[in-house]
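Okay, so here's the structure we're looking at.
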Amino acid sequence: MGSDISKLLYSRNTTSSKITDWDVPFLNPSTIGIPETKRGLIILNQPFSQNLLELLWTACSWHCCADGGANRLFDLFREDEHGALRAQYIPDLIKGDLDSLRTDVQEYYTSKGAPVVQDHDQDSTDLMKCVQSLQEKEKAEGQEVCYLPLYEIIVLGGLTGRLDQTIHTLSYLYKLRRVRGRTFVVTDDNVSWVLDEGQHRIHIDHDTLGPTCGLLPIGVDSTLLTTSGLRWNLDAVESSFDGLVSTSNHLLLEESFVTIKTSRPIWWCVELRQLQS
């Protein structure tokens with residue numbers, strides 16, 4: 001009986017709600033150029049490839065390194081003998097408590113005009129401090145009265161390395177959904193973001209995404225999921241850490257969209273195809 005009631009409430013709460021459309025054109029090399037959508041890139045202290053950096057850097061108009069993320073950016077161009085390539089990727093800001101930023105890296109980017117801001121606030125992480133700076137930039141660009149995010153956020157890294165840092169990324173972006181709407185986490189393996197409760201339609205570029213994907217009930221006790229466009233679709237199925245979790249699902253090549261209806265916020269993740277040089 002309890003399950004039937006939950007499904008009835010789920011149907012009532014999601015049937016009349018609007019459909020949120022999603023797309024990730026910033027991951028397709030053919031879209032390289034001046035982005036129509038304002039995007040901010042935040043680079044974390046985790047490994048990433050030069051191909052991925054070049055793609056995301058071009059798609060974003062604001063670039064920020066979270067503390068040791070500047071080390072990763074700097075070290076990516078070790079083989080750049082004359083430094084010409086490294087000089088093309090100067091961040092607009094380096095911010096954090098600076099417990100990881102190397103002296104040689106700080107001196108290099110400072111000499112190139114990049115601001116380095118030390119923030120000792122121990123109640124916020126380096127990622128949170130960078131997001132705060134972007135929010136301040138948005139307000140300065142005209143959002144002082146009615147705050148509406150001007151920028152999508154792309155976080156480079158955050159889902160590899162230390163488990164506690166990965167959990168922080170998942171937790172923080174789960175909270176950010178309430179105020180920002182569109183924040184993506186990208187690694188060389190996948191792209192992921194939070195789908196709030198309701199109905200969603202995700203455009204699938206098969207040249208960029210797939211084949212595997214997942215719907216992860218992180219941060220909720222359970223959710224009811226209905227999907228289309230997947231190899232193994234769900235029909236008002238309860239998903240939870242203590243029950244079913246849709247991992248290693250597959251996109252279908254004949255489908256251009258995946259639709260998802262969820263009664264609670266969930267994490268959507270999808271594999272990235274190998275980027276070409």
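The basis for the numbers below is simple: all heavy atoms, side chains too, and nothing from hydrogens, waters or symmetry mates.
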> Can a donor-acceptor pair be found between the side chains of Asn233 and Ser228 at a distance below 3.5 Å?
Replying inline: no
> Would you say the side-chain atoms of Thr262 pair up with the backbone N or O of Pro265, donor to acceptor, closer than 3.5 Å?
Replying inline: no
>> Quick one, Arg231 and Pro211 - any side-chain contact, counting heavy atoms below 4.5 Å?
In response: no
>> Keeping Asp221 on the side-chain end and Ser240 on the backbone end, is there a donor-acceptor pair under 3.5 Å?
In response: no
> Is there a donor-acceptor pair closer than 3.5 Å between any side-chain N or O of Thr187 and the backbone N or O of Leu159?
Replying inline: no
>> Would the distance check show the side chain of Thr223 and the main-chain N or O of Arg264 forming a donor-acceptor pair, the cut-off being under 3.5 Å?
In response: yes
>> Under the criterion side-chain contact (heavy atoms from CB on, under 4.5 Å), I'd like the reasoning laid out for Leu53 against Ile43: C-alpha separation, chi angles, the key distance, then a yes or no.
In response: CA-CA 9 Å; Leu53 172 76; Ile43 301 173; 4.0 Å; yes
>> Please determine whether residues Leu163 and Leu127 belong to a single hydrophobic cluster, defined as Ile, Leu, Val, Met, Phe, Trp and Tyr linked transitively by side-chain heavy-atom distances below 4.5 Å.
In response: yes
> Given the rule in the side-chain contact (heavy atoms from CB on, under 4.5 Å) test, do Val270 and Thr212 qualify, once you have shown the distances and angles that lead to the verdict?
Replying inline: CA-CA 6 Å; Val270 58; Thr212 64; over 6 Å; no
>> Counting neighbours of CD on Glu79 that are heavy atoms of other residues, nucleotides or ligands and sit closer than 6.0 Å, is the number greater than 12?
In response: no
> Using 30° and 60° as the class limits, which term best fits the ring planes of Trp57 and His63: parallel, tilted or perpendicular?
Replying inline: parallel
>> Less than 4.5 Å apart, side chain to side chain, heavy atoms only: is that true for Leu56 and Val186?
In response: yes
>> Do Lys38 and Ser61 pair up side chain to side chain, a donor and an acceptor below 3.5 Å, judged on atom types alone?
In response: no
> If only atom types and distance count, is the side chain of Asn45 paired as donor or acceptor with the main-chain N or O of Asn71 below 3.5 Å?
Replying inline: no
> For Gly214, does its backbone N or O pair with a side-chain atom of Asn249 as donor and acceptor, under 3.5 Å?
Replying inline: no
> Do Glu141 and Tyr151 have side-chain atoms, one donor and one acceptor, less than 3.5 Å apart?
Replying inline: yes
>> Would you say the rings of Trp22 and Trp268 are close, in the sense that their centroids are separated by under 6.0 Å?
In response: no
> So, the side chain of His206 versus the backbone of Glu255: is there a donor-acceptor pair under 3.5 Å, distance only?
Replying inline: yes
> Where do Glu238 and Ser222 land on the side-chain hydrogen bond (donor to acceptor under 3.5 Å, both in side chains) test, with the steps shown first?
Replying inline: CA-CA 7 Å; Glu238 183 174 12; Ser222 67; 3.2 Å; yes
> Do you know which two heavy atoms are closest between Asp126 and Gly96, and how far apart they sit?
Replying inline: OD1-CA, 3.1 Å
> With distance as the sole test, does Asp67 use its side chain to make a donor-acceptor pair with the main-chain N or O of Leu101 at under 3.5 Å?
Replying inline: yes
> Applying the side chain to side chain contact (heavy atoms under 4.5 Å, CB included) test to Ile202, which of Leu195, Thr259, Asp23 qualifies?
Replying inline: Leu195
>> With a 4.5 Å cut-off on side-chain heavy atoms, are Arg162 and Gln46 touching?
In response: no
>> For Gln132 and Asp119: C-alpha separation, side-chain torsions, deciding distance, then whether side-chain contact (heavy atoms from CB on, under 4.5 Å) applies.
In response: CA-CA 11 Å; Gln132 180 187 27; Asp119 186 336; 4.2 Å; yes
> With a cut-off of 6.0 Å (strictly less than), are more than 12 heavy atoms of other residues, nucleotides or ligands near CD of Glu81?
Replying inline: no
>> Run the salt bridge (Lys or Arg N to Asp or Glu O under 4.0 Å) test on Asp123 and Lys129 for me, step by step, so that the C-alpha distance in whole Å, both residues' side-chain angles and the decisive distance to 0.1 Å come before the verdict.
In response: CA-CA 10 Å; Asp123 292 326; Lys129 292 166 184 173; over 6 Å; no
> Do you know the tightest heavy-atom contact between Cys65 and Cys130?
Replying inline: O-SG, 4.0 Å
> Is there a side-chain contact between Ile42 and Val131, using heavy atoms and a 4.5 Å cut-off?
Replying inline: yes
> Looking only at heavy atoms, what is the nearest atom pair of Arg72 and Leu44, with distance?
Replying inline: CG-O, 4.1 Å
>> Would Arg86 pass as a cation-pi partner of Tyr108, given that its NZ or CZ must be under 6.0 Å from the six-membered ring centre and within 45 degrees of the axis?
In response: yes
> Taking all atoms of both residues into account, what is the closest heavy-atom pair of Gly158 and Thr169, and its distance?
Replying inline: O-OG1, 3.1 Å
> With distance as the sole test, does Asp80 use its side chain to make a donor-acceptor pair with the main-chain N or O of Leu85 at under 3.5 Å?
Replying inline: yes
> Does Ile167 offer a backbone N or O that forms a donor-acceptor pair with the side chain of Ser171 under 3.5 Å?
Replying inline: no
> Do other residues, nucleotides or ligands put more than 12 heavy atoms under 6.0 Å from Asp242 CG?
Replying inline: no
> According to the interplanar angle, ranging from 0 to 90°, do the rings of Tyr109 and Phe74 count as parallel (below 30°), tilted (30 to 60°) or perpendicular (above 60°)?
Replying inline: perpendicular
>> Within 45 degrees of the ring normal and closer than 6.0 Å to the centroid, is that where the cationic atom of Arg177 sits relative to Tyr174?
In response: yes
>> With no hydrogens and no angle check, just 3.5 Å: does a side-chain donor-acceptor pair link Ser256 and His203?
In response: no
> Is Leu252 reachable from Phe257 through a run of I, L, V, M, F, W or Y residues, each pair having side-chain heavy atoms under 4.5 Å apart?
Replying inline: no
> Out of Val220, Leu173, Leu215, which residue meets the side chain to side chain contact (heavy atoms under 4.5 Å, CB included) rule with Trp267?
Replying inline: Leu173
> Out of Glu152, Lys175, Glu138, which one pairs with Arg180 under the side chain to side chain contact (heavy atoms under 4.5 Å, CB included) rule?
Replying inline: Glu138
> Yes or no on side-chain contact (heavy atoms from CB on, under 4.5 Å) for Leu230 and Cys213, after CA distance, side-chain angles and deciding distance?
Replying inline: CA-CA 9 Å; Leu230 301 177; Cys213 60; 3.7 Å; yes
